[in-house]
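Structure record follows, encoded as structure tokens.
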Amino acid sequence: MENEKTKITDPHVEALMQQYRELLPTLEQLAKEAYDLLRRALREKHIYVTAFEYRVKTEQSLAGKLELKGAKYKTITDVTDLVGLRVITFYTDEVDKVAAIAKRVFDIDWQESVDKRKLHHLDSFGYNSLHYICRLKEEGETKKEQGIRFELQMRTALQHVWSTIEHDTGYKGDVKIPKEYKRQFSRLAGMLELVDDEFSRLRTELTDYRRQIQGMVKSGQLDDVPLSTDSFRSFLELNPFDRLNKRIAAVNQAEIYPVSLMPYLPVLESFGLETLGDLQRFMDENYDDAHHLALSQLAITDLDILASSAALQYLCLVHVLKHNGGYNGLKFVYDTINGKDDANGMLADMILEQAKTLAFMQKKK
């Protein structure tokens, strides 16, 4: 750093550098405080970003900037990027969400701020960020921090990647780039921009689709809803197995504790169920027999706690038995929901033995 100082020959630049050195502890405090304020606000609004970082401009970096542009700054606080925050989001629309939160957390200097995304020309290339020049709000700042501005950059992950590539390849360096390379950069930038937009569009459409599915499930239009991870999860929000669980639990006055039913989806799909309507019919057709199978197992025990998956498990076991799935079918169910284990074979044998006397098994003979 001492070597850097001796290279400065402009008295005005040296004066600015001295102001910077004296201000450095305050800049570090400002950076941390601004970062904490925005991070807390993002969490409160459930905005999750891929990266969030802050930095205080180094003496070497500042000296280089002032050697080129020092005359435009009267005092060191005229430099707006002594402190910098950068938020990198997953999607383009999240940049605007972060910006909206930043406007509530900080005071924005709109004259100095710039939305570089709107500066693109048809023949331009590259990615740009949304840049805000900010101050802490008066009620949050200390006397030392008053008047000190800082820069907040907001961009997507792909925009950040492109910015890094530009820097790494030296595209913005002093060497003039031939037109053929500029054209390749422009094409790649266009592709990345399209991908960025398409990811955001796809997420919006998937969100709309999930809402549509939820609406159809709640309205009972089950035959129109394909059986999938999303639709099954929405179906479970209606607590469709509660009634059967309570009937089963009543045998021993057992307590029901919640567990995830999502592991059963592959089992249901293996049965050939394609829609939620198929699932509802599967439940209706096997309801009483699942209850009887549960009774045959639990009546001889004093089990006083029952997983909320019990009803669906017995429905699946009965379906296998009715459709001649036998030992292999039963073991498949247990292997799928419990993970492969030799004990699953013992469970399958036990179910086969206990089911022999049940009415629905007698009808098969």
Side-chain angles (χ1 to χ4, degrees), residues 205-249 256 258-298 306-341 344-345 347-352 354-355 358-364:
E205 290 186 355
L206 285 174
T207 299
D208 291 342
Y209 173 74
R210 291 188 179 102
R211 288 172 179 164
Q212 180 184 6
I213 292 297
Q214 290 171 350
M216 295 171 71
V217 170
K218 290 178 180 178
S219 66
Q221 298 173 304
L222 301 183
D223 282 321
D224 297 327
V225 183
L227 180 60
S228 67
T229 300
D230 286 329
S231 65
F232 186 51
R233 186 175 286 112
S234 296
F235 186 68
L236 293 178
E237 291 177 1
L238 302 178
N239 301 314
F241 303 105
D242 273 12
R243 187 163 65 96
L244 181 55
N245 271 327
K246 289 175 180 177
R247 283 191 68 187
I248 294 172
I256 301 174
V259 298
S260 173
L261 302 186
M262 295 307 294
Y264 284 84
L265 180 58
V267 176
L268 298 172
E269 291 174 331
S270 74
F271 294 161
L273 308 183
E274 297 181 350
T275 69
L276 292 185
D278 293 337
L279 176 55
Q280 183 63 58
R281 284 184 286 275
F282 158 85
M283 293 169 56
D284 294 341
E285 291 167 4
N286 297 306
Y287 183 93
D288 289 332
D289 296 326
H291 180 235
H292 293 149
L293 179 60
L295 287 179
S296 71
Q297 269 204 306
L298 300 178
L306 193 72
S308 60
S309 59
L312 182 52
Q313 179 173 312
Y314 283 114
L315 286 167
C316 291
L317 296 176
V318 164
H319 179 88
V320 170
L321 292 169
K322 285 183 175 180
H323 292 81
N324 301 312
Y327 172 87
N328 289 333
L330 295 172
K331 187 172 183 301
F332 167 77
V333 172
Y334 285 120
D335 281 343
T336 302
I337 61 176
N338 299 329
K340 290 190 176 182
D341 192 294
N344 293 331
L347 291 172
D349 283 331
M350 182 173 63
I351 291 295
L352 282 172
Q354 291 177 338
L358 297 182
F360 71 87
M361 293 295 287
Q362 297 297 321
K363 292 177 182 177
K364 290 175 55 181

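Note that these values count all heavy atoms, side chains included, but never hydrogens, waters or copies made by symmetry. For the single chain, residues carry numbers from 1 onward in sequence order.
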Residue pair L222, L279: steps toward the side-chain contact (heavy atoms from CB on, under 4.5 Å) verdict: CA-CA 9 Å; L222 301 183; L279 176 55; over 6 Å; no
side-chain contact (heavy atoms from CB on, under 4.5 Å) assessment of D341 paired with Y334: CA-CA 9 Å; D341 192 294; Y334 285 120; over 6 Å; no
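With sequence neighbours excluded, the residues satisfying side-chain hydrogen bond (donor to acceptor under 3.5 Å, both in side chains) with Q297 are Y314, Q354.
For the pair V320/F271, a side-chain contact is recorded, criterion being any heavy-atom separation below 4.5 Å from C-beta on. Side-chain contact between F282 and C316 is present, with at least one heavy-atom pair separated by less than 4.5 Å. Side-chain atoms of V225 and F235, non-hydrogen and from C-beta on, never get closer than 4.5 Å to each other. The closest side-chain heavy-atom distance from D289 to H292 is below 4.5 Å. At a threshold of 4.5 Å between non-hydrogen side-chain atoms, the residues L227 and L265 count as touching. Annotation: side chain of V318 is not in contact with side chain of L358 (no heavy-atom distance under 4.5 Å). Looking only at side-chain heavy atoms (C-beta outward), N328 and F332 stay at 4.5 Å or farther from each other. Side-chain contact between L317 and L330 is present, with heavy atoms from C-beta onward closer than 4.5 Å.
Checking side-chain atoms of D278 against main-chain N and O of T275 turns up a donor-acceptor pair under 3.5 Å. Side-chain atoms of N245 come within 3.5 Å of backbone N or O of A311 as a donor-acceptor pair.
S308 and L261 get closest at one heavy-atom pair: O-CD2, 4.0 Å. Counting all heavy atoms, side chain and backbone alike, A307 lies closest to I256 at C-CG2, 4.4 Å. Here the closest heavy-atom approach between residue T336 and residue P263 is recorded as CG2-O, 3.8 Å. Contact record, L315 with M283: CD2-O, 3.9 Å, taken as the closest heavy-atom pair. Nearest heavy-atom pair, S231 versus P226, reported as atom, atom and distance to 0.1 Å: OG-O, 2.7 Å.
For the pair R247 and Y287, the cation-pi test (distance below 6.0 Å, angle within 45°) is failed.
Counting heavy atoms of neighbouring residues, nucleotides and ligands inside a 6.0 Å radius, atom CZ of R281 exceeds 12 of them. Atom CD of E274 has 12 or fewer neighbouring heavy atoms from other residues, nucleotides or ligands inside a 6.0 Å radius.
The CG atom of L352 lies 11.0 Å from the CG atom of L347; values are rounded to the nearest 0.5 Å. Rounding to the nearest 0.5 angstrom, the gap separating the NE2 atom in H291 from the CG atom in L244 is 7.0 Å. The structure places CG of N344 at 8.5 Å from OH of Y327, a figure rounded to the nearest 0.5 Å. Annotation: the span from L238 atom CG to Q280 atom CD amounts to 9.5 Å, rounded to 0.5 Å. Here the CD1 atom belonging to I248 is positioned 8.0 Å from the CG atom belonging to L295, to the nearest 0.5 angstrom.
Exactly one of L321, D288, N286 qualifies for a side chain to side chain contact (heavy atoms under 4.5 Å, CB included) with F360. That residue is L321.
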